[in-house]
Number of protein chains: 2
Amino acid sequence: MVQTDPEDTHSMAQKTVLIVYAHQSPCSFNSALKDVAVEELEEQGYRVIVSDLYAMDFRANATREDIIGELKNPHLFQYGEETLHAWMEHRLSDDIVAEQRKVEEAELIIFQFPLYWFSVPAIMKGWMDRVLTQGFAFSLEKMYNYGIFKDKKAMLSFTTGATQTMFSPEGINGDINVALWPLQNGTLHFCGFQILAPQIFWSPAFCPDMVRTAMLDGWRARLKGLLKEKPLTFAPCELFDLSFQGGFLLRPDVKKELNSQPYGLTTGHHLGKPLPPDNQIKTQPDESRPKAE
Amino acid sequence: MVQTDPEDTHSMAQKTVLIVYAHQSPCSFNSALKDVAVEELEEQGYRVIVSDLYAMDFRANATREDIIGELKNPHLFQYGEETLHAWMEHRLSDDIVAEQRKVEEAELIIFQFPLYWFSVPAIMKGWMDRVLTQGFAFSLEKMYNYGIFKDKKAMLSFTTGATQTMFSPEGINGDINVALWPLQNGTLHFCGFQILAPQIFWSPAFCPDMVRTAMLDGWRARLKGLLKEKPLTFAPCELFDLSFQGGFLLRPDVKKELNSQPYGLTTGHHLGKPLPPDNQIKTQPDESRPKAE
């Protein structure tokens with residue numbers, strides 16, 4: 001096997017963006033947004049890979065078919081356990097391995113989708129369930145800012161049916177920051193990804209063409225500096241006692257230090273205080289959380 | 001067509017529970033939890049229907065196959081629009097119609113699943129995406145407490161990998177109340193369902209048999225009074241100006257009235273205040289929110 005120069009491999013890896021894309025129609029606004037990203041990033045010299053999930057007829061269901069060969073425990077099929085073993089033994093199904101290879105190569109993953117039920121469409125949830133397997137994407141020791149993909153970035157880019165005010169803390173749907181927590185913290189940042197602020201296109205279906213064109217232009221403009229953006233703020237592992245005895249809870253000294261702060265740490269780590277405003281949609285000022293020693 | 005007595009139809013409808021169940025193995029703890037619910041509810045005289053999603057090989061992906069016959073707009077496939085029309089014209093695919101019939105018949109739906117990435121497995125997300133279609137499950141006029149299924153109940157019953165402290169506001173994963181918001185408020189309550197407190201089984205895979213047995217017993221005990229439980233608290237539509245001019249925002253008089261309250265209204269409608277503790281996992285005292293006039 002030819003050994004490539006590590007420096008070369010690194011710089012090659014630095015040049016790839018993966019777009020995981022979920023819309024059924026090539027004539028959709030989501031498709032146009034994906035095309036703008038491909039065009040703009042290629043212009044910047046990036047290699048752009050698109051996983052067009054519907055076109056691929058990507059399987060969403062986590063089943064026994066995801067493991068090649070025999071199961072460790074055919075009597076009691078545990079998806080997490082079986083895929084961990086299969087990953088270690090190179091026995092995951094070809095479609096999963098192909099996506100995992102793309103993830104490894106990418107320095108940034110953009111998820112492009114229409115919001116379905118405050119979340120990603122099932123086909124994209126299936127991508128997350130099946131591709132981000134234990135061992136490959138996380139372990140109990142490697143999660144959040146210690147995570148396997150801590151040197152990579154990820155972001156959500158999505159269209160909504162609802163308007164922006166509907167998704168405010170005083171709007172009928174409640175705060176969009178709360179809605180994004182399971183995807184951004186619970187899934188992507190859990191695997192280590194630094195999360196760039198989501199790109200949200202508010203109800204494009206109800207906007208005149210001119211507004212949609214402006215949305216495309218705004219997206220193109222953001223893409224120019226995207227990879228230099230500061231990521232969103234999450235709670236670093238250093239602040240917690242990461243042991244079963246310690247309950248994976250905030251360290252007492254950190255908790256004490258935080259008492260004087262007006263806001264919680266993040267949307268999910270609110271500590272019974274008001275949520276830090278827009279924690280899941282805007283870059284936060286540096287001083288808003290304590291430094292780990 | 002024979003017209004059945006409306007009273008009879010009603011009382012028949014009152015007696016059905018639907019369990020939407022997503023685990024691959026009949027030997028799993030999730031399966032045992034499902035079995036306990038079937039047994040206990042049948043003992044109480046309920047008719048129990050189980051949608052065993054993996055056994056059904058339920059399709060998760062929202063595609064053109066969900067519509068029988070021609071599309072309204074073959075050039076630009078918009079899933080929401082097309083399924084609305086198909087529902088009106090009785091042209092949704094048979095598997096969707098079969099599930100919608102079960103939903104209509106049920107007075108309670110229990111979702112039984114292992115938590116995957118702070119949410120439901122993709123196969124269950126697919127059930128939500130494909131079965132809860134516009135027209136059948138919601139409209140812009142009929143949502144939340146005005147919703148189509150306001151006389152029905154729904155609840156999540158799930159197992160976790162993480163421990164309970166990990167999912168506290170000071171735990172490494174953040175507050176479980178935040179994680180449940182998109183499913184409970186954004187999906188089920190959006191369609192009108194009254195939401196019963198979730199039944200959470202914390203990391204059963206890491207518990208000794210005795211603890212798992214106690215979990216099953218606890219679930220059985222709760223099921224005895226389940227349908228008489230008071231549902232969780234959400235923000236009623238009456239508090240909002242439900243118009244595009246009004247932005248679907250909290251009414252100014254309500255906002256003023258809430259100023260003196262120590263907590264926000266719900267997890268998502270936090271109004272910049274601390275979240276009402278355990279809003280998404282425990283029944284709240286009545287006085288915690290203003291009455292609509």
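Source: prediction; values computed, not measured. Each chain gets a letter, A, B and so on, in the order the sequences are listed, and its residues count up from 1.
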Notebook entry, point to check: Taking only residues two or more places apart in sequence, or in another chain, which ones meet B:Phe244 in a ring pair (Phe, Tyr, Trp, His ring centres under 6.0 Å)?
Noted result: B:Phe248

Notebook entry, point to check: If only atom types and distance count, is the side chain of A:Lys125 paired as donor or acceptor with the main-chain N or O of B:Val120 below 3.5 Å?
Noted result: yes

Next item on the list: Sort B:Leu242 into side chain, backbone, both or neither according to what part of it lies under 4.5 angstrom from a heavy atom of chain A.
Entry: side chain

Item checked: Residues of residues 75-83 of chain B near chain A, each having a heavy atom less than 4.5 Å away -> B:His75, B:Leu76, B:Phe77, B:Gln78, B:Tyr79

Next item on the list: Measure the shortest side-chain to side-chain distance between A:Asn173 and B:Phe190 over non-hydrogen atoms and say whether it is less than 4.5 angstrom.
Entry: yes

Item checked: Greatest number of heavy atom pairs closer than 4.5 Å to chain B - which of A:Phe167, A:Trp127, A:Phe58, A:Tyr54 -> A:Tyr54

Note to self: Any non-hydrogen side-chain atom of A:Trp117 less than 4.5 Å from a side-chain atom of B:Cys191?
What the structure shows: yes

Check: Can you tell if the side chain of B:His269 reaches within under 4.5 Å of the side chain of A:Pro169, non-hydrogen atoms only?
Finding: no

Notebook entry, point to check: Does A:Leu249 have any side-chain contact (heavy atoms from CB on, under 4.5 Å) partners at least two apart in sequence or in another chain, and if so, which?
Noted result: B:Thr165, B:Ser168, B:Glu170

Check: With B:Pro114, which residues qualify under side-chain contact (heavy atoms from CB on, under 4.5 Å), at least two apart?
Finding: B:His23, B:Asn30, B:Tyr116, B:Pro121, B:Thr159

Checklist line | chain A contact via B:Thr163 - side chain, backbone, both or neither, heavy atoms under 4.5 Å | finding: side chain

Note to self: Quick check on B:Phe206 against chain A: is it the side chain, the backbone, both or neither that has a heavy atom closer than 4.5 Å?
What the structure shows: neither

Notebook entry, point to check: Counting distance only, does the side-chain N/O of B:His270 pair as donor-acceptor with the main-chain N or O of A:Asp175 below 3.5 Å?
Noted result: no

